[in-house]
Amino acid sequence: MSVNKQIIMKTRPEGMPKLENFEIIENNIPDIRHGEVLIKILWLSLDPYMRGRMSKAKSYAASLNEGDVIIGGAVGRVIKSETNEYKEGDIVEGFTLGWQAYAITTPASIRKINPDLAPIQTAVGVLGMPGMTAFFGLLYVGKPIPGDTVVVSAASGAVGQLVGQIAKIAGCHVVGIAGGKEKCDFLLNTLNFDAAIDYKNQNVDNMLDKYCPNGVNVYFDNVGGSITDSVINKLANYARVAVCGVISQYNLTAPEPGLRTHRAILTNQATTEGFLVFQFAQKYHIAIERMAKWIKEGKIIYKEDVVEGLENAPDAFIGLMNGKNFGKLLIKVSE
Ligand code: NAP
Ligand code: FER
């Protein structure tokens, strides 16, 4: 019987997660039963929404309890199957495989990945949940039209980097907001954004005035908080605000006071729409095909931030909450 390594939520984080909230444990891997597959985890996807699972707040995903293995998306290889659908060697992606070296699951919780389409870890990146979020959030919620000014926050991250590139393909003027010069240089020089605002070192209001002289037509919001207050005050008539994420709020222990933005929404006849990517699940195949084509044509590139070793997932996750990641954050667990 082989031994599994698992990372559990030892104690529930309050505010910013700390290393002491996590613990690595070892357990024997039980025999699989009829209808189950045993998966060797190759890549973990670390995503901001996972902070929500660690709290007790109501969410689409069940909260973790203390002692539970951290649940999250991963890519792995089937090493044993007691199903008709999967065989040894298949590469799969699942949203609930979790922070462990091996996972036992059922066909309903995984999907098969075509390793010839792109590197397999893209199944949790550009061709997976973050990629779907960027594609549908921008095109279906933000509804850009050529010539629009599109602003995206957390612009160098897994979702943001793709939002900006898709907006360029759609013929828009793209302004990214990110923390630090290195990330902003990447947006300008590698992704060909039209402008980049370093919110840690520049005045966001002044820079928005400079780069969005006709106002903001589409705001793809990944962060919430004061950055969003600034952008809302620059909306153009009939602007669309796609509320994708509010990472600046995920680790707060008390609500943060903010500006009252409804007047700007009213007077600009703007639309603010929150969305969860899962509402587009029936259409994912459209986006996967389109994005894979754009990657092959060199119209979209994707930057990954790879951390080696399951045991480093907690530290990397804390980094994600603090802007230490540069691109889609992945843990490489095994070859
Ligand atoms: P990511 O952008 O790769 O990483 C998170 C980034 O957020 C950090 O690198 C950091 O970048 C920025 N950040 C952290 N704290 C911040 C703060 N206080 N103020 C401003 N920026 C801060 O993560 P991602 O996977 O692409 O996710 C981005 C957002 O999309 C998250 O809010 C996530 O919850 C949301 N999301 C939503 C859906 C959905 O279905 N609605 C799906 C996927 C993701 P900087 O260095 O630039 O600060
Ligand atoms: C995310 C942020 C929030 C996300 C999902 C949610 C899949 C959902 C939150 C909820 O249901 O409470 O990044 O990504």
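Remember, it's 1-based here, ligands and their atoms both numbered in the order they're listed.
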| task | Using a strict cut-off of less than 4.0 Å between a Lys/Arg side-chain nitrogen and an Asp/Glu carboxylate oxygen, indicate whether E297 and K299 qualify as a salt bridge. | result |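 Looking at K299 together with E297, the answer is yes, because their closest N to O distance falls below 4.0 Å.
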| said: To check your reading of the model: name the closest protein heavy atom to atom 2 (O) of ligand 1, its residue, and the distance in Å. | reply: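 Among all protein heavy atoms, the one nearest atom 2 (O) of ligand 1 is G157 CA, 3.2 Å.
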| For atom 3 (O) of ligand 1, what's the nearest protein heavy atom and its distance? |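 Its nearest protein heavy-atom neighbour is A158 N, 2.8 Å.
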| query | So which heavy atom in the protein is nearest atom 42 (C) of ligand 1, and how far is it from that ligand atom? | reply |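 The answer is T133 OG1, 3.1 Å.
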| field | Residue and atom name of the nearest protein heavy atom (relative to atom 6 (C) of ligand 2), distance in Å to one decimal | value |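 Looking only at protein heavy atoms, the one closest to atom 6 (C) of ligand 2 is L276 CD2, 3.6 Å.
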| message | Is it the case that over 12 heavy atoms from other parts of the model lie below 6.0 angstrom from the NZ atom of K168? | response |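 Yes, NZ of K168 has more than 12 neighbouring heavy atoms, counting only those of other groups under 6.0 Å.
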| message | Using a plain distance cutoff, I'd like to know if D47 has any nitrogen or oxygen under 3.5 Å from a nitrogen or oxygen of ligand 1. | response |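 No; every N/O pair is 3.5 Å or more apart.
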| Does D305 come within less than 4.0 Å of K328, counting only side-chain N to carboxylate O? |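 Between K328 and D305 there is no salt bridge, as every charged N stays at least 4.0 Å from the carboxylate O atoms.
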| Using heavy atoms and a threshold below 4.0 Å, how should the contact between M321 and ligand 1 be classified: side chain, backbone, both, or neither? |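 Answer for M321: backbone.
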| query | Does even one non-hydrogen atom of F275 get within less than 4.0 Å of ligand 2? | reply |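 False for this residue.
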| N/O separation below 3.5 Å, V159 to ligand 1 |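 Between V159 and ligand 1 (N or O atoms, distance only) the closest approach is under 3.5 Å.
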| message | Below 4.0 Å, non-hydrogen atoms only: which portion of P130 touches ligand 1? Side chain, backbone, both or neither. | response |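 It is neither part, as no heavy atom is under 4.0 Å.
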| query | Do any nitrogen or oxygen atoms of V277 lie less than 3.5 angstrom from nitrogen or oxygen atoms of ligand 1? | reply |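 Looking only at distances, the answer is yes, because the N/O contact criterion of under 3.5 Å is met.
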| Can you find an N or O of F275 that's nearer than 3.5 Å to an N or O of ligand 1? |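 N/O-N/O distance below 3.5 Å exists for this pair.
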| Can you tell me if OH on Y238 sees more than 12 non-hydrogen neighbours from other groups inside 6.0 Å? |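 No - once you tally the heavy atoms of other residues, nucleotides and ligands closer than 6.0 Å, there are 12 at most.
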| request: Could you tell me the residue and atom name of the protein heavy atom closest to atom 20 (C) of ligand 1, and the distance to it rounded to 0.1 Å? | output: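 The closest heavy atom on the protein side is Y199 OH, 3.4 Å.
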| task | Counting heavy atoms only, name the option from L46, I247, L320 that's nearest to atom 16 (C) of ligand 1. | result |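 Ranked by closest heavy atom to atom 16 (C) of ligand 1, first place is I247.
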| request: Mark the output for V246 as yes if a heavy-atom distance to ligand 1 is under 4.0 Å, and as no if none is. | output: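 The answer is yes: ligand 1 sits under 4.0 Å from a heavy atom of V246.
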| request: Verify, without hydrogens or angle tests, whether N65 (side chain) and D68 (backbone) share a donor-acceptor contact under 3.5 angstrom. | output: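 No, N65 side chain to D68 backbone: no donor-acceptor pair under 3.5 Å.
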| said: Applying a heavy-atom cut-off of 4.0 Å, say which part of K183 lies close to ligand 1: side chain, backbone, both or neither. | reply: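 Looking at K183 and ligand 1, just side chain atoms fall under 4.0 Å.
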| message | Looking only at protein heavy atoms, which one is nearest to atom 36 (N) of ligand 1, and what is the separation? | response |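 Minimum-distance protein heavy atom for atom 36 (N) of ligand 1 reads C244 SG, 3.5 Å.
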| query | Any side-chain heavy atom of I41 within less than 4.5 Å of one from L97? | reply |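 They are in contact (side-chain heavy atoms under 4.5 Å apart), so the answer is yes.
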| query | Is the NZ or CZ atom of K303 both under 6.0 Å from the centre of the six-membered ring of F326 and within 45° of that ring's axis? | reply |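 Yes, a cation-pi geometry holds between K303 and F326.
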| So is Y250 in contact with ligand 1, going by heavy-atom distances below 4.0 Å? |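 Yes.
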| Among T271, T272, D148, which residue meets the side chain to side chain donor-acceptor pair (under 3.5 Å) test with R240? |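 Among the candidates, only D148 passes.
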| message | Applying a heavy-atom cut-off of 4.0 Å, say which part of N222 lies close to ligand 1: side chain, backbone, both or neither. | response |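 Both backbone and side chain.
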| message | Please check if the number of heavy atoms outside E289 that lie under 6.0 Å from its CD is greater than 12. | response |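 Not more than 12 within 6.0 Å, no.
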| task | Please confirm whether L329 comes under 4.0 Å of ligand 1, counting heavy atoms of the residue only. | result |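 No, L329 has no heavy atoms under 4.0 Å from ligand 1.
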| query | Is it true that D315 and K18 have a side-chain N and a carboxylate O under 4.0 angstrom from each other? | reply |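 Between K18 and D315 there is no salt bridge, as every charged N stays at least 4.0 Å from the carboxylate O atoms.
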| query | Nearest protein heavy atom to atom 47 (O) of ligand 1, by residue and atom, and its distance? | reply |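 Nearest protein contact, heavy atoms only, for atom 47 (O) of ligand 1 is G179 N, 2.8 Å.
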| task | Name the closest protein heavy atom to atom 23 (O) of ligand 1, giving the residue it belongs to and the distance to 0.1 Å. | result |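 Protein heavy atom with the smallest distance to atom 23 (O) of ligand 1: P48 CG, 3.5 Å.
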| query | Just heavy atoms, cut-off under 4.0 Å: does F95 contact ligand 2 by side chain, backbone, both, or neither? | reply |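 None of F95 does.
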| Pairing of E93 and R111 as salt bridge, 4.0 angstrom limit |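 Counted as a salt bridge, because a side-chain N and a carboxylate O are separated by less than 4.0 Å.
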| task | Return the residue, atom name and 0.1 Å-rounded distance of the protein heavy atom closest to atom 4 (O) of ligand 1. | result |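 Checked against all protein heavy atoms, atom 4 (O) of ligand 1 sits closest to N325 ND2, 3.2 Å.
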| field | Heavy-atom neighbours of K112 NZ exceed 12 at 6.0 Å | value |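 Atom NZ in K112 is crowded, with more than 12 foreign heavy atoms closer than 6.0 Å.
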| Do R260 and D229 sit within salt-bridge range, that is, some charged N less than 4.0 Å from a carboxylate O? |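 D229 and R260: not salt-bridged.
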